[in-house]
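The structure displayed is predicted, hence computed values, not measured ones. Letters go in sequence order (proteins before strands), and every chain restarts at 1. Every heavy atom of this structure was used, including side-chain atoms; hydrogens, water molecules and symmetry mates were not.
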There are 2 protein chains.
Amino acid sequence: MKNIWIDKLKEKGMRITAQREAIVDILSQSDKALEPIEVYDLTRQNHPTLGMVTVYRTMECLEELGLLQKVHQDSGCNKYLKVKEGHNHLLICRGCGKAIYFEGLDMEMQFEGIAQQHNFNLEDHWLQLNGLCQQCQASGR
Amino acid sequence: MKNIWIDKLKEKGMRITAQREAIVDILSQSDKALEPIEVYDLTRQNHPTLGMVTVYRTMECLEELGLLQKVHQDSGCNKYLKVKEGHNHLLICRGCGKAIYFEGLDMEMQFEGIAQQHNFNLEDHWLQLNGLCQQCQASGR
DNA sequence: TGTATTATTGAAAATGACTTTCATTATCAA
DNA sequence: TTGATAATGAAAGTCATTTTCAATAATACA
């Protein structure tokens, strides 16, 4: 996972710095959407001189490369999650933030039908289920 | 529509001022999600002394009263749309922003099934279709 | 391997959205 | 009509994010 991201950065002609590698480490391994300040804090545990500006710039690059995407939640709209190509159906835990791309619902045809009813040309969609995962239920959130 | 909103404000013991009425006018009639600065600009056309602070405070109240809800889009996560109770399935135009609450898809059971597969306790969901409305297609966006 | 080029970094300053403060003004119950 | 007090808006404050710029480091190439 991490290596794929690093390769994509290289392909784009970007230099591989220790800072970028550390940020990629955190984000490519996280199963929850993270905001810049969280990435900053997590990365600084192993790389204490890292600056916030570098976090912002690196995350922006990763989004442009299609490796990260924004996840919108009431708790904040600045959270970024690793992309799973072709899978934009998400299940997110309100407690711990764990995000799961789920499959098994094929609703493209129905969505297309709704769009046609309203004379819309459908471009994409976003489906997100919100709830509490097993651990968070057990811990009584 | 507007009167219902005003009544709800009264019920909460809030005073009906000219500013609040003007803001309610704009938001209760808009068929697209608006951000505070847009509400400010629109409202000031008929009410030039209005302050930005009042816009923020009034929109916050309207959200708390369940009359407005946030709509998350890449173009901004600070847009508010009038609520249509029990309808959280939206079709939004990328061009003009027009938002339509649609019905006809009953997927609660399927969503519940997905949640159970992953041992989640489902709380709510958000489904949004994005595309181009007829007018925006015609105008070649 | 050494070196030149230039992308990257991070501190500091700037920006911009939003919130808080507070003196003035306006609503509305009595 | 009047008084209690909620609401307003200017100004100052806060906080996330962006820009600037001199110093540093990665990479291509000699």
Is it true that atom NZ of B:Lys70 has more than 12 heavy atoms of other residues, nucleotides or ligands lying nearer than 6.0 Å?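 Buried by this count: over 12 neighbours within 6.0 Å.
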When you get a sec, tell me which of [options] is the closest nucleotide to the side chain of [X]?
{"X": "B:Tyr56", "options": "D:dG9, D:dT19, C:dA17", "result": "C:dA17"}
{"X": "B:Met14", "options": "C:dT9, D:dA7, D:dG9", "result": "D:dA7"}
{"X": "A:Leu50", "options": "D:dA7, D:dA26, C:dG10", "result": "C:dG10"}
{"X": "B:Arg20", "options": "C:dG10, C:dT8, D:dA7", "result": "D:dA7"}
{"X": "A:Arg15", "options": "D:dT17, D:dA10, D:dA25", "result": "D:dA25"}

Does A:Gln19 or B:Asn78 map to a spot on DNA chain C nearer the 5' end, using the closest nucleotide for each?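 Counting from the 5' end, the first nearest nucleotide belongs to A:Gln19.
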Rounding to an integer number of Å, can you tell me how far [X] [atom1] sits from [N] [atom2]?
{"X": "B:His47", "N": "D:dG9", "atom1": "NE2", "atom2": "P", "result": "7 Å"}
{"X": "B:Lys12", "N": "D:dA6", "atom1": "NZ", "atom2": "C1'", "result": "16 Å"}
{"X": "B:Glu21", "N": "C:dT27", "atom1": "CD", "atom2": "P", "result": "10 Å"}
{"X": "B:Tyr40", "N": "D:dA10", "atom1": "OH", "atom2": "C1'", "result": "11 Å"}
{"X": "A:Met52", "N": "C:dA13", "atom1": "CE", "atom2": "P", "result": "19 Å"}
{"X": "A:Lys70", "N": "D:dT17", "atom1": "NZ", "atom2": "P", "result": "9 Å"}
{"X": "B:Glu35", "N": "C:dC18", "atom1": "CD", "atom2": "P", "result": "7 Å"}

Short side-chain N/O contact to C:dG10 OP1/OP2 from A:Thr54, under 4.0 Å: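 Yes.
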Side chain proximity check, B:Ile114 to B:Phe111, heavy atoms < 4.5 angstrom: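 Side chain of B:Ile114 against side chain of B:Phe111, heavy atoms only: no contact under 4.5 Å found.
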Given DNA chain D, 5'-ward residue of the pair A:Glu60 and B:Thr17, judged by closest heavy atom: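 In this pair, the answer is B:Thr17.
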Residue pair B:His72, A:Asp74: steps toward the side chain to side chain contact (heavy atoms under 4.5 Å, CB included) verdict: CA-CA 9 Å; B:His72 303 283; A:Asp74 283 342; 3.6 Å; yes
Do A:His89 and B:His125 have ring centroids that are under 6.0 Å from one another?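 No.
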If we count only N and O atoms by modelled type, under 3.5 Å, do the side chains of B:Asn130 and A:Glu123 hold a donor and an acceptor together?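 There is no such pair (donor and acceptor under 3.5 Å, judged by atom type) between the side chains of B:Asn130 and A:Glu123.
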Touch check for A:Ile16, heavy atoms < 4.0 angstrom, all strands: base, sugar-phosphate only, or nothing?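 Sugar-phosphate contact only - A:Ile16 comes under 4.0 Å of backbone atoms but never of a base.
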